[in-house]
Amino acid sequence: MLLLVEDDRALADLLIWHFEREGYEIVRTADGDEALVLAEERVPDLVILDWMIEGVSGIEVCRRLRRRESTAAVPIIMLTARGEESDRIRGLETGADDYVTKPFSPRELLARVGAVLRRVRPALAGEQLSYADLELDVNSHRVRRAGKPVQLGPTEFRLLRHLMENPGRVFSRERLLDSVWSHDSDIDARTVDVHVRRLRKALNEGGLPDLIRTVRSAGYSLDSAG
């Protein structure tokens, strides 16, 4: 979960749209005091923090988050119209991990967030999987293809995740049973075929190319050349 602390409603709405489109869960507040309460109730994965906000200032929110044991290691990206070097240094010395000066593009901020998460919390970076025009977010259980949401059941989601973690590799039905169903005694190899068909139907809606290759007598593979 990302915590956005921004009192410019138009900018906040724009950022929320871009981040949710990329599969992030984002909570927004315009108030510094409320930001501290929200971060205490549920520790965020990253805080996007405007310097000039209502209530407690952004720089003070950053300072207090760093003093708390529960949020001391949470990455913080500060947003501000203050571009002077002394202000950037002050923000970084207070505990911010990165500093973005307004105006900026949402895509730039998305890239900064991704970079900070990879650097500070490498495990989180692995929760976003992509292959060809497919995107899968492990935490939010969201899948997109060619930028459009794909609705999958829990089993199809697990199956797709396994294939996306091993693109190009051919898995037998028995191997998929072991990896996706953990050898459930009520499941047989034919059930794998049923769920693969369901997954194909969901992914290929609208006439998109089939990304799942069937290898005769061998199994299935995620293969854009299939």
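For clarity, every value in this text was computed on a predicted model and none was experimentally measured.
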Nearest 0.5 Å please: distance from the [atom1] atom of [X] over to the [atom2] atom of [Y].
X      : Y      : atom1 : atom2 : answer
Leu110 : Leu15  : CG    : CG    : 8.5 Å
Asn204 : Ile212 : CG    : CD1   : 7.0 Å
Leu176 : His195 : CG    : NE2   : 11.5 Å
Phe157 : Met164 : CZ    : CE    : 9.0 Å
Glu25  : Leu3   : CD    : CG    : 11.0 Å
Leu36  : Leu38  : CG    : CG    : 9.0 Å

Between [Y] and [X], is there a side-chain heavy-atom distance shorter than 4.5 Å?
X      : Y      : value
Leu160 : Leu134 : yes
Leu65  : Ile76  : yes
Leu79  : Phe104 : yes
Pro44  : Leu2   : no
Ile53  : Leu49  : yes
Met1   : Ile26  : no
Glu135 : Leu129 : no
Leu4   : Ile16  : yes

Item to check | Aromatic centroids of Tyr24 and His18 separated by under 6.0 Å | outcome: no
How far apart are the closest heavy atoms of [X] and [Y], and which atoms are they?
X      : Y      : value
Asp31  : Asp33  : OD2-N, 2.9 Å
Ala202 : Leu152 : CB-CD2, 3.5 Å
Ala96  : Cys62  : N-SG, 3.7 Å
Val5   : Ala35  : CG2-CB, 3.6 Å

Item to check | Criterion side chain to side chain contact (heavy atoms under 4.5 Å, CB included) on Leu159 and Val196, from CA distance to verdict | outcome: CA-CA 8 Å; Leu159 178 59; Val196 168; 3.9 Å; yes
Item to check | Evaluation steps, side chain to side chain contact (heavy atoms under 4.5 Å, CB included), between Asp7 and Met52 | outcome: CA-CA 8 Å; Asp7 60 0; Met52 303 297 292; 5.6 Å; no
[X] with [Y]: basic N within carboxylate O range, under 4.0 Å:
X      : Y      : answer
Arg161 : Glu165 : yes
Glu20  : Arg142 : no
Asp98  : Arg112 : yes
Asp210 : Arg197 : no
Asp50  : Lys102 : yes

Next on the checklist: Parallel, tilted or perpendicular: which one describes the rings of Trp51 and Tyr99, with boundaries at 30° and 60°?
Outcome noted: perpendicular
Next on the checklist: Hydrophobic cluster membership, with links at side-chain heavy-atom distances under 4.5 Å among I/L/V/M/F/W/Y: are Val170 and Tyr131 in one?
Outcome noted: no
Checklist outcome for this item: Hits for side chain to side chain donor-acceptor pair (under 3.5 Å) against Arg68, two or more places apart or cross-chain, chain-then-number order -> Glu40
Checklist entry - Among all residues two or more places apart in sequence or in another chain, which pass the side chain to side chain donor-acceptor pair (under 3.5 Å) test with Asp133? => result Arg145
Next on the checklist: Checking Arg66 against Asp97 for the salt bridge (Lys or Arg N to Asp or Glu O under 4.0 Å) test, could you report, in this order, the C-alpha distance in whole Å, the side-chain angles of both residues, the deciding distance, and whether it holds?
Outcome noted: CA-CA 11 Å; Arg66 285 289 172 257; Asp97 295 275; 3.0 Å; yes
Next on the checklist: Between Ile77 and Leu109, is the side chain to side chain contact (heavy atoms under 4.5 Å, CB included) condition met? List the steps.
Outcome noted: CA-CA 9 Å; Ile77 295 180; Leu109 183 58; 4.1 Å; yes
Next on the checklist: Using only atom types and a distance under 3.5 Å, with no angle test, would you say the side chain of Asp8 pairs donor to acceptor with the backbone of Leu11?
Outcome noted: yes
Next on the checklist: Applying side-chain hydrogen bond (donor to acceptor under 3.5 Å, both in side chains) to Ser130 and Arg144, what does each step give before you reach the verdict?
Outcome noted: CA-CA 9 Å; Ser130 62; Arg144 303 179 70 87; over 6 Å; no
Next on the checklist: Any donor-acceptor pair under 3.5 Å linking the side-chain atoms of Ser57 with those of Arg63?
Outcome noted: no
Checklist entry - More than 12 foreign heavy atoms under 6.0 Å from CD of Glu108: is that the case here? => result yes
Item to check | Derivation and outcome, side chain to side chain contact (heavy atoms under 4.5 Å, CB included), residues Leu211 and Asp223 | outcome: CA-CA 5 Å; Leu211 293 179; Asp223 189 344; over 6 Å; no
Item to check | Identified side chain to side chain contact (heavy atoms under 4.5 Å, CB included) partner of Tyr220 from the options Arg213, Arg173, Arg175 | outcome: Arg173
